[in-house]
Protein chains: 2
Amino acid sequence: MTNSEKLNKMANAIRFLSMDAVEKANSGHPGLPMGAADIATVLYTRFLKHDPKNPHWPDRDRFVLSAGHGSMLLYSVLYLSGYEDITIEEIKNFRQLGSKTAGHPEYGHAAGIETTTGPLGQGLGNSVGMALGERILNAKFGDDLVNHYTYVLAGDGCLMEGLSQEAIALAGHLKLNKLIVFWDNNNITIDGAVSLSDNTDQPARFAASGWNTLSVDGHDQEAIAQAIEQARASDKPTMIACKTTIGFGAPGKAGTNKVHGSPLGAEEIAATRKALGWEDAPFVVPADILDAWRVAGLNAARKRQDWEKRLAVTDADTRAEFERRIRGDLPGGFEQAIADYKKKLSAEKPKVATRKASEMALEIINGVVPETIGGSADLTGSNNTKTSQTKPITPDNYGERYVHYGIREHGMAAAMNGLTLHGGIIPYSGTFLTFSDYCRPAMRLSSLMGIRVVYVMTHDSIGLGEDGPTHQPVEQLAALRAIPNHLVFRPADVVETAECWELALKSTKTPSTIALTRQNLPTVRTDHIEENLCAYGAYELATATDDAKVTIFATGSEVEIALNARAALEKKGIAARVVSVPCFELFEQQSPAYQQALIGNAPVKIAVEAAISLGWERFIGEDGVFIGMKGFGASGRIEDLYKFFGITAEAVVEAAEAKLQKSA
Amino acid sequence: MTNSEKLNKMANAIRFLSMDAVEKANSGHPGLPMGAADIATVLYTRFLKHDPKNPHWPDRDRFVLSAGHGSMLLYSVLYLSGYEDITIEEIKNFRQLGSKTAGHPEYGHAAGIETTTGPLGQGLGNSVGMALGERILNAKFGDDLVNHYTYVLAGDGCLMEGLSQEAIALAGHLKLNKLIVFWDNNNITIDGAVSLSDNTDQPARFAASGWNTLSVDGHDQEAIAQAIEQARASDKPTMIACKTTIGFGAPGKAGTNKVHGSPLGAEEIAATRKALGWEDAPFVVPADILDAWRVAGLNAARKRQDWEKRLAVTDADTRAEFERRIRGDLPGGFEQAIADYKKKLSAEKPKVATRKASEMALEIINGVVPETIGGSADLTGSNNTKTSQTKPITPDNYGERYVHYGIREHGMAAAMNGLTLHGGIIPYSGTFLTFSDYCRPAMRLSSLMGIRVVYVMTHDSIGLGEDGPTHQPVEQLAALRAIPNHLVFRPADVVETAECWELALKSTKTPSTIALTRQNLPTVRTDHIEENLCAYGAYELATATDDAKVTIFATGSEVEIALNARAALEKKGIAARVVSVPCFELFEQQSPAYQQALIGNAPVKIAVEAAISLGWERFIGEDGVFIGMKGFGASGRIEDLYKFFGITAEAVVEAAEAKLQKSA
């Protein structure tokens with residue numbers, strides 16, 4: 001068997017594992033793994049720096065299967081390379097409940113799956129963050145510790161998604177030359193030929209954003225290898241257009257949309273076995289071919305051994321710092337710095353917008369947590385995400401800590417996922433809360449993967465004023481609270497803002513959104529400053545002077561309104577208390593006893609939030625009063641708007657009195 | 001005064017109205033109107049086919065200010081051209097509550113505002129739908145009735161948003177040569193120079209997607225005019241890169257980000273008056289300049305008069321049909337066709353997936369409503385959006401009724417908004433429900449504008465099976481229900497699906513989402529077939545044989561589970577009823593009496609929906625039982641998943657019995 005024959009068989013191993021697994025599951029996507037098998041073989045056996053036995057090694061090359069439906073490609077190469085998580089039994093259990101081999105690659109299911117993909121374009125977006133993360137850590141720790149590539153396989157779907165443009169333009173701008181994208185150019189989408197919906201000249205499009213572009217026959221392994229060599233030598237990110245045949249090898253279905261997302265069927269599989277000269281039974285890889293794959297995996301591991309040697313001779317402080325960052329632990333001084341800062345605040349009681357309070361908290365945090373990387377989608381001065389420590393990262397200097405993501409909210413969110421997935425970095429970045437809608441598919445993936453990403457969302461209500469309803473969130477708080485495993489914070493003042501930031505940074509398995517005001521708010525939290533009360537999700541901020549007749553629940557800017565209403569009610573002899581609710585999700589994690597005690601049994605329960613009411617029934621019950629928004633906002637001055645929409649202390653008092661009278 | 005001097009002064013009128021309005025409001029964006037004033041002057045006075053006194057004339061050219069923050073540009077030209085809605089008083093009330101001159105252009109506030117813009121990229125996305133709508137109606141009604149251009153002003157923000165790529169690629173593919181985009185190339189974003197975050201060669205990028213591109217000095221009115229002439233002669237859509245100076249004329253701030261989004265200040269305004277030789281007081285336009293603008297408006301109107309003459313000689317049937325479509329009225333036979341179809345279904349009782357039921361309903365609808373335009377974001381066979389009447393629209397044939405939008409969910413949604421805004425068309429199109437997240441910013445705008453767009457969202461739960469959690473919606477129903485003015489339908493069978501479609505098409509001021517299953521469902525609605533019970537939002541589908549001890553609320557695929565649970569409970573002697581809840585929003589519009597009667601007072605209330613519980617408290621109260629999802633789904637077979645997540649009739653029965661025992 002010539003070397004070329006062996007390499008073909010190595011690729012065919014991917015093809016047969018994939019088609020047989022899809023057939024057994026009676027569900028899945030054989031077309032991509034069969035079409036891209038040669039690319040994956042070249043990459044995994046000749047270029048990828050990885051160690052199947054130490055798969056989490058931090059200086060490994062990353063491979064992102066952005067076209068996640070081709071999951072069997074990834075599972076096949078992981079099994080063939082010798083990753084212990086992906087056994088042949090797992091391959092046989094493809095797409096079954098509880099298997100590691102889910103329909104789409106799920107981060108955390110198995111080592112070697114660098115990110116969850118499936119929603120198209122997301123993997124490409126993540127890869128920009130990974131490649132940027134690599135450069136940032138390289139600037140800090142040098143070539144000896146951090147120096148690797150990020151490879152991506154993207155399909156036509158990924159490239160049609162708008163997100164891809166944001167990713168491409170950002171990577172081109174930042175000259176992320178260690179990012180190499182293979183475009184699986186197979187001319188086929190689910191509906192049929194790509195030409196049904198697209199005629200874009202993809203290489204020209206990438207070139208327009210500063211990419212190096214190459215074109216190869218995606219079934220010519222030598223040509224692919226040469227292109228990878230050229231890409232690695234480029235000073236720009238590279239897109240390699242690989243002309244492939246979807247479902248390569250299947251005589252009756254290759255090159256058509258019939259092979260995209262359905263099992264081939266027994267007949268076509270038999271024909272493919274014949275056409276490719278593969279005589280083995282399903283899930284059996286000939287010993288010599290499996291050996292060749294395993295040897296490639298072992299050879300690749302040598303680079304890890306070299307790296308370990310370099311790490312061993314790194315000075316102790318640098319090594320400790322590198323390892324701390326990679327573990328994701330916060331530095332020792334973090335909690336004390338926050339505690340000292342809160343103490344100072346409770347004495348000074350500044351009246352500032354919570355977006356400013358967030359900047360003040362970040363000034364402390366960025367001083368003690370060197371791995372934070374800030375940014376904004378072109379709203380730096382509005383999101384207050386830049387502090388004295390964070391200067392812009394540029395193509396000439398990756399050693400800084402601020403990313404001008406451009407007007408690319410979705411690309412920003414996907415890149416932040418990639419920064420976290422890379423390891424060693426805690427990304428946070430901002431836009432207006434209403435534009436969380438643009439980020440939402442990537443935010444959902446932060447939650448599904450369970451990773452630490454902090455979304456700073458300012459201008460969090462009609463309180464932004466004149467920009468009007470397009471810019472005023474009303475449903476976004478509820479919509480974000482709807483995402484599982486996502487902490488949505490809405491702090492009421494400087495102290496709560498500091499506490500929410502502390503919680504967000506400590507939350508290593510759950511992303512956070514911090515919703516912040518444009519308008520100034522007084523410091524309302526002056527007691528129990530030594531404890532992080534926001535950690536309870538909701539807590540009593542102001543007690544009633546007697547048995548409470550009224551409980552007012554509020555968040556963010558409406559806590560001030562609640563406190564004013566309480567004062568007015570107390571003046572009228574109506575005992576009232578205020579509960580601040582900075583985080584629904586953390587409140588739901590408290591004991592039933594805490595929850596019941598906090599909600600209490602005052603005859604009147606009122607919630608105040610300048611947003612729609614969805615979700616507040618859990619606090620105020622069926623019979624409660626909600627003071628907030630019933631529909632979209634309007635353009636006008638903030639004072640006019642709060643009055644117009646009836647979100648005032650007077651309205652709360654009136655509602656409380658009416659309700660008390662009714663129940664009397 | 002030479003003609004060139006006059007034209008300069010006409011542009012300066014825009015500049016001063018804009019800067020003075022922003023100054024008076026103490027809020028707003030003067031930079032764009034000042035920079036793009038020459039473009040707008042050339043377009044409105046020399047090219048735009050419109051009639052300020054008959055602004056809704058259907059064959060007018062459309063102008064979309066995609067960079068919506070520059071709203072004063074649009075308000076200025078509407079005032080200057082003689083649109084009655086925008087008086088000088090409205091200009092003075094810029095950004096005040098209740099004014100027509102909101103912070104961003106709001107569709108419906110004033111004639112001449114073709115769409116709501118502000119969220120960047122959306123206007124460009126809309127314009128693709130408008131330009132496509134023009135071609136579709138042109139193919140049907142000919143040049144005499146429909147033959148106009150769509151012009152867009154887009155800024156760097158619009159072009160950085162990923163949505164723009166989807167719009168550009170779709171327009172290029174469809175060869176929408178009557179679409180002309182001005183790129184306000186001013187090199188400035190909010191954070192500073194564009195080069196902080198982008199180096200894209202925009203003309204090369206547009207050219208890569210099949211656009212004609214031109215470049216001009218955006219302050220040279222003759223050059224702009226020549227470019228427009230060339231663009232109008234092109235067989236491709238055209239992007240005209242207009243090199244402009246943001247805040248043109250302001251000596252101290254022009255060309256910087258200081259003039260983007262803040263008032264200039266008294267001093268800079270005085271300096272600008274001096275620099276541009278403008279001696280008039282704020283809001284005063286010299287009579288000769290205003291006259292010149294008004295004369296241009298009157299001249300433009302002549303084309304409407306010619307068009308009226310052509311309409312007058314159009315044959316009566318064609319004219320009636322054209323006018324019906326433009327009014328947005330459904331054809332006469334619509335209701336009867338649905339009624340007949342439902343009758344047939346109730347007799348045949350097919351067991352099909354609701355996505356298939358949707359296709360069956362569409363087969364009826366598309367047969368009687370010729371103005372529907374279907375489509376899918378490359379999931380045609382999965383979304384079941386194509387019927388026998390709808391063949392693909394291609395660059396060679398705009399006379400068909402199906403759009404292959406490509407893998408561009410966001411661009412599809414924005415284009416559908418544009419199709420509806422154009423008039424004469426009812427767009428519907430599909431993707432998976434989980435990918436409604438990708439469409440969300442455009443869906444929000446459908447709701448805010450209050451326009452008829454139908455989103456077909458299939459694979460609406462874990463019921464999609466093996467594709468796993470990335471493809472399984474769990475929070476999307478709640479998140480869509482959170483959007484004000486948006487009908488979210490989740491029908492339970494073929495009959496409800498037909499009823500929901502009927503309601504969606506009749507809902508001219510509210511967009512709809514129809515959530516549909518992948519899996520087969522029995523026909524459960526066999527009674528009261530003559531009435532559209534879905535119109536109530538929720539109704540009793542199965543009564544209890546005695547005073548109900550248990551009420552089970554359910555939607556979509558879980559109605560079958562609810563009915564099975566009811567049967568099992570009744571068998572055990574526990575009286576139970578089932579309420580189907582196809583649309584929360586319509587239920588909320590019913591009388592309190594209807595709502596209370598329907599919810600009833602059974603001691604146990606249970607809701608079943610294969611999604612998170614948010615919002616269900618309104619039906620089941622604080623003490624109710626929710627059977628559904630608590631977090632993300634998983635990859636596996638549908639039967640395994642429903643069992644694993646405990647969404648079964650057995651679980652409902654068990655919960656009901658436990659609850660009854662507890663309360664006994």
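Below, chains carry the letters A, B, ... as their sequence lines are ordered, and counting in each starts from 1.
- Most heavy-atom pairs under 4.5 Å with chain A, from the set B/Met443, B/Glu161, B/Glu622: that is B/Glu161.
- Only the side chain of B/Thr434 comes within contact range of chain A, judged by heavy atoms closer than 4.5 Å.
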So A/Ser197 and B/Arg408, side-chain contact (heavy atoms from CB on, under 4.5 Å) or not? Walk me through it.
CA-CA 10 Å; A/Ser197 59; B/Arg408 306 185 182 106; 4.1 Å; yes
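- Classified by interplanar angle (parallel below 30°, tilted 30° to 60°, perpendicular above 60°), the ring pair B/His104/A/His471 is parallel.
- Heavy atoms of B/His29 lying under 4.5 Å from chain A belong exclusively to its side chain.
- Interface remark: B/Pro469 contributes backbone and side-chain atoms alike to the contact with chain A (heavy atom separation under 4.5 Å).
- For B/Ile612, the part lying under 4.5 angstrom from a heavy atom of chain A is the side chain only.
- With no hydrogens or angles considered, a side-chain donor-acceptor pair links B/Asp191 and A/His404 at under 3.5 Å.
- Chosen from A/Gly157, A/Gly631, A/Pro119, A/Ser209, the residue pairing most often with chain B at heavy-atom distances under 4.5 Å is A/Pro119.
- Here the closest heavy-atom approach between residue B/Gly162 and residue A/Glu166 is recorded as N-OE2, 2.6 Å.
- Chain B forms more heavy-atom pairs under 4.5 Å with one residue of A/His69, A/His410, A/Glu409 than with any other, namely A/Glu409.
- In this structure, the portion of B/Phe435 lying under 4.5 Å from any heavy atom of chain A is its side chain and not its backbone.
- In this structure, chain A has a heavy atom under 4.5 Å from the side chain of B/Leu445, while its backbone stays farther away.
- For B/Val403, no part lies near chain A; criterion is any non-hydrogen pair under 4.5 Å.
- With 3.5 Å as the limit, one finds a donor-acceptor pair spanning the side chains of A/Arg618 and B/Ser613.
- For the pair A/Thr470 and B/Arg444, the tightest heavy-atom approach, listed with the atom from each and the gap, is O-NH1, 3.6 Å.
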